[in-house]
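I have placed the structure first, in the form of structure tokens, so that the comments after it can refer back to it.
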Amino acid sequence: MAPALPAQSDIAQTRSPLRRGEMSDQYRHENDHLHRIRHSAAHVMAQAVLEKFPEGKVAIGPAIETGFYYDFDLPRPLTPEDLEEIEARMREIITEGYDFVYQEVDEEEARHIFSDQPYKLELIEDILAGGLDEHGQPPEGKPTLSIYRHGPFVDLCRGPHVANTREINPDAVKLLSVAGAYWRGDEQRPMLQRIYGTAWETAQELEQFLAWREEVEKRDHRRLVRELDLLSFHEEGGPGLAYWHPKGGRIRQVIEDFWRARHREGGYEIVFTPHIGKAELWQQSGHLDFYRESMYAPMDVEGMEYFLKPMNCPFHILMYKTRLRSYRELPMRWAELGTVYRYERSGVLHGLMRVRGFTQDDAHIFCTPQQIEGEVLRVLRFSLDILRAFGFSEFQIYLSTMPKKHVGEPAQWEQAQESLRKAIEAEGLPYEVDEGGGAFYGPKIDIHIKDALGRTWQLTTIQFDFNLPERFDLAYVGEDGKEHRPYMVHRALLGSLERFFGILVEHYGGAFPVWLAPVQAVLIPIADRHVEYAYDVAERLRAAGLRVEVNDSGERMQAKIRDAQMEKIPYMLVVGDREAEAGQVNLRRRDGEKPGAMSVDDFTRLAQEAVEERRLL
RNA sequence: GCCACCCUAGCUCAAUCGGCAGAGCAACCGCUUCGUAAGCGGUCGGUUGUCGGUUCAAGUCCGACGGGUGGCUCCA
């Protein structure tokens, strides 16, 4: 992948979507009134905070997808008790019923009003200087300074707000947390205290939101991977490095086997490359110039510097260059489950979602300009097909186009972008265009999936690269006998296996569909005299390709069922006198359904069918 | 990395103001042989993350380090 590869880095590592605010539609839709309520609640909160800390300085406090926040510079750190106090005071202010009053002010007034608020003064400067809007464009016309007052509180603010604090439902407001945040997000600037809160129209909506948050917590992969004995992290081994236990390993094997099989069918060749490479290679690829801060320190090998690989692309390129390539060999699609290591700052590590070592399901497609359109459509269909197999059915697609700073010819970009656009449209999928949002080396498509909790995650990325083929002087001999530059496309479908696994765990809440479940069925002998029969059945089921265990502990059947439920094993097969006699198993499913007694063959068929169809149960 | 908070048995958590480190679950050993989400009894389990400091006395107070959690422009 090209230097400074933000996108692949993104897919592999994109963080919790909660803040990205892509929850479910009910929360997501722009609701003007709700937005006003939240923004107004932020002002009310600021008032309450300033009453408590009159010397406090206020920064900014917008409404966000799930509520609002406000940043403060305060004389001491806030405690949970402070939050309770502030929240209680907010309710009082709300019921006191102040009108929100809009007023435009000139520069002098504004400076006077906020004379002891340095952050506001800085904002005034910026606005007057024609501060850039969110698109980086200067606003049209003369900048206007406006303020909003409610009761004793005044804030530099564009609005809009509700008419009166009473429009905020005091029973639907809650402060959630306090966190550090740099002034204007800049690490060079002061660290402020940010209070996050949420506000809704009704107490019931607040309840629903809080229940949703609880559900998110229950499904937290960091908890589930430990409880289900799938994976661990080790203080002694270093943060951000995952250890796959046998049960996690089984799931990963299923994922990888499926991935390999599909790739073979999809016309890919599977390759393997080393974990380290000489500085020279990373110099030529440009990584040392543009990506070094994400790479680990070099190791000295017989006087030569070697680096742990943060990406696989330079290695694939070396293989491409082992001989002269003919147009007849193209397209070449090379895929690798390549384990890469990237330095991530300690503060951003997060379970499996953001780690320091991970395996990318990477591939590089080398093709002619004439083939590009077909290749893009092919890879897009391929990706969606695989994502659907894992149980995701809702997608959002983003097309990112040429930024101002770029390499390659605009005509190439145009062709590449058109091929991406046509592919999306051919699939009849809705998409958004991020104009100028591509990497400097090429345009891309990203696919985001929506999980069971309505959160979205970026998984797939399909990116053109006009940079590396130049840097490595890639060529193929065309029909005309002359050398041409091939097109190169990077793509990762699942992103990182670690992160994808974390997403799967949360999507299914640990209750994997049968084809992925580490243990698909557990035999539960009722008494010791049934253990032998249980093992016989288990043997038959294993021979049929199922992952089966026998619970031969001295526990009672009830306890064994409970254990199986806790482990979220899809099928529990109770065997007692009746079953042993009739050569049957008595099926209880994870969801509590009890299909009852059936022959071992019938159960085998049922389970195999669930596996083939990738059903939950 | 930075800010705040957290770290007690494998897990979830107790331990008043600084005064003898505890419980449930798990594990192990027995007994029980049972029909759809926990049978009964016993045993084991700890340098309270690490190192240092204050104190007659530290799980508790202070500092450093390690690890984790929530955040670090959704833009007046």
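Proteins come first, then strands; the chains are lettered A, B, ... in the order of their sequence lines, and each starts at number 1. None of the values given here were measured: they were computed from a predicted structure.
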(message) Rounded to whole Å, how long is the line connecting atom CZ of A:Arg354 with atom C1' of B:C72?
(response) 13 Å
(message) What is the separation between atom CZ on A:Arg226 and atom P on B:U69, rounded to the nearest whole Å?
(response) 11 Å
(request) On RNA chain B, check which nucleotide each of A:Pro62 and A:Ala559 is closest to and give me the residue with the more 5' one. (result) A:Ala559
(message) Strictly below 4.0 Å, N to O, side chains only: are A:Arg219 and A:Glu215 in salt-bridge contact?
(response) yes
(request) Between B:G63 and B:A21, how far apart are the P atoms? Round to whole Å, please. (result) 25 Å
(request) Spell out yes or no: do the side chain of A:Arg588 and the base of B:A37 have one donor N/O and one acceptor N/O closer than 3.5 Å? (result) yes
(request) Indicate the ring-plane relationship of A:His234 and A:Tyr243, choosing parallel, tilted or perpendicular according to the 30° and 60° boundaries. (result) perpendicular
(message) Measuring centre to centre across the rings, with the benzene-like ring taken for any Trp, is A:Phe72 within less than 6.0 Å of A:Phe53?
(response) no
(message) For a quick check of understanding: with a heavy-atom distance under 4.0 Å over all strands, which category does A:Arg194 fall into, base, sugar-phosphate or nothing?
(response) sugar-phosphate
(request) In whole angstrom, give the distance that lies between atom CD of A:Gln193 and atom P of B:C72. (result) 15 Å
(message) I'd like the P distance from B:C44 over to B:G10, given in whole Å.
(response) 16 Å
(request) May I have the distance from A:Asp82 (atom CG) to B:A4 (atom C1'), rounded to whole angstrom? (result) 12 Å
(message) My understanding is that a pair needs two contacts under 3.5 Å, Watson-Crick or G-U wobble. By that rule, which nucleotide pairs with B:C74?
(response) none
(message) Tell me the interatomic distance from A:Tyr533, atom OH, to B:G35, atom P, rounded to whole angstroms.
(response) 18 Å
(request) May I have the distance from A:Tyr182 (atom OH) to B:G71 (atom P), rounded to whole angstrom? (result) 15 Å
(message) Ring-plane angle category for A:His161 and A:His39, please: parallel below 30°, perpendicular beyond 60°, tilted otherwise.
(response) tilted
(message) So, does A:His350 get its side chain near the phosphate of B:G70, meaning an N or O under 4.0 Å from OP1 or OP2?
(response) yes
(request) Could you label the plane-to-plane angle of the A:His43 and A:Phe153 rings as parallel, tilted or perpendicular, counting under 30° as parallel and over 60° as perpendicular? (result) perpendicular
(message) Counting only side-chain nitrogens and oxygens, does A:Tyr70 get under 4.0 Å of the OP1 or OP2 atom of B:C74?
(response) no
(request) Would you classify A:Leu156 as touching base, sugar-phosphate or nothing, given that sugar-phosphate means primed atoms plus P, OP1 and OP2, and contacts are heavy atoms under 4.0 Å? (result) base
(request) Among the candidates B:A76, B:A38, B:U33, find the nucleotide nearest to the side-chain atoms of A:Ile127. (result) B:A76
(message) Suppose you measure atom P in B:U50 against the same atom in B:A9; what distance do you get, rounded to whole Å?
(response) 10 Å
(request) With salt bridge (Lys or Arg N to Asp or Glu O under 4.0 Å) as the test, would you mind laying out the steps for A:Glu506 and A:Arg222 before giving the verdict? (result) CA-CA 9 Å; A:Glu506 299 201 356; A:Arg222 292 167 299 183; 6.0 Å; no
(message) What's A:Gly554 touching, base or sugar-phosphate or nothing? Going by heavy atoms closer than 4.0 Å.
(response) base
(request) Quick one: label A:Leu176 by what it contacts on the DNA or RNA (base, sugar-phosphate, nothing), any heavy atom closer than 4.0 Å. (result) nothing
(request) Using the C1' atom as the reference point in each nucleotide, state the distance between B:G22 and B:U16 in Å, no decimals. (result) 15 Å
(request) Classify the nucleic acid contact of A:Lys560 as base, sugar-phosphate or nothing, counting any heavy atom under 4.0 Å across all strands shown. (result) nothing
(request) Give the rounded distance in Å between these two atoms: CZ of A:Arg345 and C1' of B:G1. (result) 5 Å
(message) Work out how far the P atom of B:C72 is from that of B:A14, and round it to whole angstrom.
(response) 29 Å
(request) Could you label the plane-to-plane angle of the A:Trp200 and A:Phe209 rings as parallel, tilted or perpendicular, counting under 30° as parallel and over 60° as perpendicular? (result) tilted
(request) Give A:Asp577 one of three labels, base, sugar-phosphate or nothing, depending on what nucleic acid heavy atoms sit under 4.0 Å from its own. (result) base
(request) Using the C1' atom on both, measure B:U55 against B:G19 and round to a whole Å. (result) 12 Å
(message) Between A:Gln565 and A:Ala527, which residue's closest nucleotide on RNA chain B lies nearer the 5′ terminus?
(response) A:Ala527
(message) If you only use heavy atoms from C-beta on, which nucleotide in B:G68, B:C74, B:G35 is closest to the side chain of A:Ile64?
(response) B:C74
(request) Just call it for A:Asn586: base, sugar-phosphate, or nothing, with non-hydrogen atoms closer than 4.0 Å on any strand. (result) base
(request) State the pairing partner of B:G22; accept Watson-Crick or G-U wobble contacts with both distances under 3.5 Å, and report none otherwise. (result) B:C13
(request) Could you work out which one of B:A76, B:A38, B:C34 sits closest to the side chain of A:Arg158? (result) B:A76
(request) With heavy atoms under 4.0 Å as the rule, sort A:Arg529 into base, sugar-phosphate or nothing. (result) sugar-phosphate
(request) Among B:G35, B:U36, B:G71, find the nucleotide with the atom closest to the side chain of A:Tyr196. (result) B:G71
(request) Could you please name the partner base of B:C40, counting Watson-Crick and G-U wobble pairs only when both distances are under 3.5 Å? (result) B:G30
(message) So A:Glu236, base contact, sugar-phosphate only, or nothing? Heavy-atom distance under 4.0 Å.
(response) nothing
(message) Below 30° counts as parallel, above 60° as perpendicular, anything between as tilted: where do the rings of A:Tyr571 and A:Phe603 land?
(response) perpendicular
(message) Please pick, from B:A76, B:U36, B:G39, the nucleotide with the shortest atom-to-atom distance to any side-chain atom of A:Ile60.
(response) B:A76
(message) Using a heavy-atom cut-off of 4.0 Å across all strands, would you classify A:Ala179 as base, sugar-phosphate, or nothing?
(response) base
(request) May I ask you to establish whether A:Arg38 and A:Phe68 are in a cation-pi arrangement, using a distance under 6.0 Å from NZ or CZ to the six-membered ring centre and at most 45° from the ring axis? (result) no
(request) State the pairing partner of B:C5; accept Watson-Crick or G-U wobble contacts with both distances under 3.5 Å, and report none otherwise. (result) B:G68
(request) Let me know the distance between CG of A:Asp73 and C1' of B:C72, rounded to the nearest Å. (result) 15 Å
(message) So, OP1 or OP2 of B:G70: does either fall under 4.0 Å of a side-chain N or O from A:Arg222?
(response) yes
(message) Using a 4.0 Å heavy-atom cut-off, does A:Ser146 contact any base of the nucleic acid, only the sugar-phosphate backbone, or nothing at all?
(response) base
(request) Could you work out which one of B:G1, B:C2, B:G67 sits closest to the side chain of A:Met191? (result) B:C2
(message) If I pick the C1' atom on B:G24 and the same atom on B:A64, what distance separates them, to the nearest angstrom?
(response) 36 Å
(message) In whole Å, measure the gap between the P atoms of B:U43 and B:C6 for me.
(response) 36 Å
(request) Taking only the side-chain heavy atoms of A:Lys120 (C-beta and beyond), determine which of B:G35, B:A76, B:U33 contains the nearest atom. (result) B:A76
(request) Output the single nucleotide from B:G39, B:G1, B:G66 whose closest atom is nearest the side chain of A:Val348. (result) B:G1
